[in-house]
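For reference, the structure discussed in these notes is given below.
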Number of protein chains: 2
Amino acid sequence: MAGRARVAARELALMSRAAKDATLHALADALDAATDRIVAANAVDLERGRNGGMPASLQDRLVLTPERVTAIADALRDIAALPDPVGEIVRGSTLANGLQIRQLRVPMGVVGMIYEARPNVTVDAAGLGLKSGNAVILRGGSAAADSNRVLVDVMRESLAAHGVNPDAIGLLEGGHDAVRALMTARGLVDLLIPRGGADLINSVVLNSTVPVIETGIGNCHVYVDRAADLDKALAITMNSKTHRPSVCNAAESLLVHESVAPDFLPKALTELAGAGVVLHTDERASAIATEAGVPFAVATDDDFATEFHALEMSVGVVSSLDDALEHVRTYGSGHTEAIVTEDRSAARRWSAEVDAAAVMVNASTRFTDGGEFGFGAEIGISTQKLHARGPMALPELTTTKWIVEGDGHVRV
Amino acid sequence: MAGRARVAARELALMSRAAKDATLHALADALDAATDRIVAANAVDLERGRNGGMPASLQDRLVLTPERVTAIADALRDIAALPDPVGEIVRGSTLANGLQIRQLRVPMGVVGMIYEARPNVTVDAAGLGLKSGNAVILRGGSAAADSNRVLVDVMRESLAAHGVNPDAIGLLEGGHDAVRALMTARGLVDLLIPRGGADLINSVVLNSTVPVIETGIGNCHVYVDRAADLDKALAITMNSKTHRPSVCNAAESLLVHESVAPDFLPKALTELAGAGVVLHTDERASAIATEAGVPFAVATDDDFATEFHALEMSVGVVSSLDDALEHVRTYGSGHTEAIVTEDRSAARRWSAEVDAAAVMVNASTRFTDGGEFGFGAEIGISTQKLHARGPMALPELTTTKWIVEGDGHVRV
């Protein structure tokens, strides 16, 4: 399968932007036309999920209505409208000896994606892969098996009908052996991107011999500095925690400088609790919570290390900016770390010393997002340092190639 | 050791360019001053090597004369003169909501290097690491153990004397267990770069759980197209093969279009053989060699897959540009692939369809080199697609960080 994907990748790499965009529109139209077939397959997944006791929140992520199918197809049209990263000249110069060198963006080749429930990821990943000239091998969650199979079938049929090698989009089925084969297909798979929970990502990182980009582990903090504007701090805390608690750029911990904690925390804890947030407070924060009459549990080290991905938050009082930085070094996952402060020097130290994909100054952690950054698309948020860090979009799915043009040049 | 390196890395990341450059000059001066001590330690390595039957060519790579120590120290001064990649703004914009975002280059953190004989790599890697704000953990070849120990001791003493944390430069000693610990130090080591033979590199890639950049596997080809200028082709062939046969950007295979083979090969084979190159020729090239009275062995598939790193070359006649492309796809290692042609369309196809770090048009394969590309330094040549491809210098030792500045911004 990876070998067939490689052949397709060679063809994709040579497609013009116009041809790729036309193909994306054709895929979108094909998905629209197949709405009934897709919704019917999705109903089988949903039925299986309900019988297996799938929680309502997961059912909601899995369900495909005709409106959602339209949205998925429109996402492909949006990708078609994005600039093509392939062929972009990253650097170039004419050397002293007259050699002309330039570094161009080229597709990676074959990109594997391993992800969990949502069937829209299947189409998004295929579309981003196609636009960036890559063949994709998709491994979705078993909960969405029937939906994914139909989505990929429809796209492959459309590719074939438009003269594009259908192996540009492959769905990896089969058991754990199939996944293991994908993770060790050195020379056939150029990049593997796991998207999902920490267990999935760790398993892929530890067992892969092909290059991997880790995504989406986010133990994000909001630090309210002693020079914070407390109104901004409250708005940023509430937004970071409650705007969409299940995602990786939601905040999991609140740190408050001791000099503003007596002013800030009674209000913040009351408002968080009022929004349904379960609070895990350290000793000093617990004392304030008690006084404010806000329910809390005493935070353990584990609580500070936990990504709740839910309406739950650990809260600590720190004695200094240094203590806050040390806390983030200990517990942070290198995703997004926010400071709220009006003090330029504190903001400057936070920006310089926090080691993370994104540092927020007086802004919600929720802004670490390809869409918010204006990328027009997102394949995941990298929390590693190699190749890509932070939101990944089309350019992050490319590598480069040096073209060196001479006229019989030799080294002396 | 990696934990201590991480602490040093935090300090290095905050050093100004001026402080880093002053430190590099101090290291260079310290090495100059310690020339006798370095040469004496090197003599111990050499003595051990001679007693163990080390080949003369390896002894030559290992030996440190006072002149070579001066050159090694001067290389540090050259690194000081290079621009600092840290802090460079890669991208940035002001979003519609007024958020100001910018992506800055920041150091990786802790970079491990595993390499073989040459002791100058020890100092080069330390200097490039320091300039890019990274702590390095160096694992050199056992043949240079005494030289490396003294070089690192001298540099660490100089760091300490200048108020820089000496753990910025660490030498990993001990057996295979130590190397295995380095390869699996997830969260402590940010990047591992193996430099050396294929066995070393494969072992590191397969056994590491920390991110790795593969370097230096080079099965490079020169393809002489039917539209080649045969004088340029001869010069490029000779230079690619014989200029420095032991390195990764030397050519290992010559492919010649059948329509120019009768003209080109008699002269080329004669000249290669005259330069001492052992020839492995396919059936058609063998016929020409026979006629020209040039000694040859009949090439096997293995010969075409072999990086000789010596005065030895496989030679094949191909029927078309497509056949040449297919041959390179089959046997190439994705390092450097050269075409010699005056035909713009052939050059364009070669540049587009060859999947390699560098494509040469009418130029020697030997130009794939950080120094030749004007980078001023080189830490290795990446033959993988993730993060860096081709010659790696200071920017390739950095990652990025997004800084997002708002004024109480929250997502709606």
Side-chain angles (χ1 to χ4, degrees), chain A residues 10 13-14 93 95-96 99 101 103 106 108-109 186 190-191 205-206 209 211 213 229 231-232 235-236 238-240 243 340 347 351-353 355-364 366-368 372-374 384-387 389-391 399-411, chain B residues 10 13-14 93 95-96 99 101 103 106 108-109 186 190-191 205-206 209 211 213 229 231-232 235-236 238-240 243 340 347 351-353 355-364 366-368 372-374 384-387 389-391 399-411:
Chain A
R10 288 213 304 273
L14 301 175
S93 60
L95 304 180
L99 272 185
I101 71 173
Q103 187 180 28
V106 295
M108 279 277 173
R186 280 185 64 74
D190 297 291
L191 172 62
V205 168
L206 294 178
T209 58
I213 294 183
D229 174 318
D231 291 333
K232 293 177 191 168
I236 288 168
M238 294 306 296
N239 191 257
S240 298
H243 184 253
V340 186
S351 301
E353 296 185 33
D355 187 20
V359 172
M360 299 286 157
V361 178
N362 293 336
S364 167
R366 290 276 296 125
F367 282 111
T368 304
E372 293 294 320
F373 279 13
Q384 71 174 40
K385 295 183 181 177
L386 208 66
H387 186 72
R389 199 179 192 202
T399 180
T400 58
K401 179 199 280 187
W402 286 97
I403 309 285
V404 179
E405 296 190 340
D407 189 35
H409 285 64
V410 296
R411 267 183 81 170
Chain B
R10 288 214 305 271
L14 301 176
S93 60
L95 304 180
L99 272 184
I101 71 173
Q103 186 181 30
V106 295
M108 279 278 175
R186 279 185 65 74
D190 297 291
L191 173 61
V205 169
L206 294 178
T209 58
I213 294 182
D229 174 317
D231 292 333
K232 293 177 192 168
I236 287 167
M238 294 305 297
N239 190 257
S240 297
H243 184 254
V340 186
S351 301
E353 296 184 34
D355 187 20
V359 171
M360 300 285 158
V361 178
N362 293 336
S364 168
R366 290 275 295 126
F367 283 110
T368 303
E372 292 294 321
F373 278 13
Q384 70 174 40
K385 294 182 180 175
L386 208 64
H387 186 72
R389 201 178 190 202
T399 180
T400 58
K401 179 200 280 188
W402 286 97
I403 309 284
V404 179
E405 296 189 339
D407 189 35
H409 284 65
V410 296
R411 267 182 81 171

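In what follows, chains carry the letters A, B, and so on, assigned in the order in which the sequence lines appear, proteins first and then strands, with residues in each chain numbered from 1.
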Under 4.5 Å from any heavy atom of chain B - which part of A:Ile236: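 Both the backbone and the side chain of A:Ile236 come within 4.5 Å of chain B.
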Proximity breakdown for A:Ile403 and chain B, heavy-atom pairs closer than 4.5 Å: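 Interface part for A:Ile403: both.
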A:Lys232 side chain reached by B:Asp407 side chain, heavy atoms, under 4.5 Å: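 Result yes, sub-4.5 Å side-chain heavy-atom pair found.
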A:Phe373 and B:Trp402 aromatic ring geometry - parallel, tilted or perpendicular at 30°/60° bounds: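 Because their plane-to-plane angle lies in the 30° to 60° range, the rings of B:Trp402 and A:Phe373 count as tilted.
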Reported CD-to-CG distance for the pair B:Glu372 and A:Leu95, which is rounded to 0.5 angstrom: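 Reported value, rounded in 0.5 Å steps: 8.0 Å.
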Spacing of CZ belonging to A:Arg389 relative to NZ belonging to B:Lys401, to within rounding of 0.5 Å: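 Between A:Arg389 CZ and B:Lys401 NZ, I get 7.0 Å after rounding to 0.5 Å.
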Can you say whether [X] sits under 4.5 Å from chain A via the side chain, the backbone, both, or neither, judging by heavy atoms?
X: B:Ala13; answer: neither
X: B:Asp190; answer: side chain
X: B:Val340; answer: neither
X: B:Ala356; answer: backbone
X: B:Val205; answer: side chain

Contacts of type side chain to side chain donor-acceptor pair (under 3.5 Å), residue B:Ser351, not counting sequence neighbours: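 Partners of B:Ser351 under the side chain to side chain donor-acceptor pair (under 3.5 Å) test: none.
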All side chain to side chain donor-acceptor pair (under 3.5 Å) counterparts of A:His243, not counting sequence neighbours: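 A:His243: side chain to side chain donor-acceptor pair (under 3.5 Å) contacts with A:Arg366.
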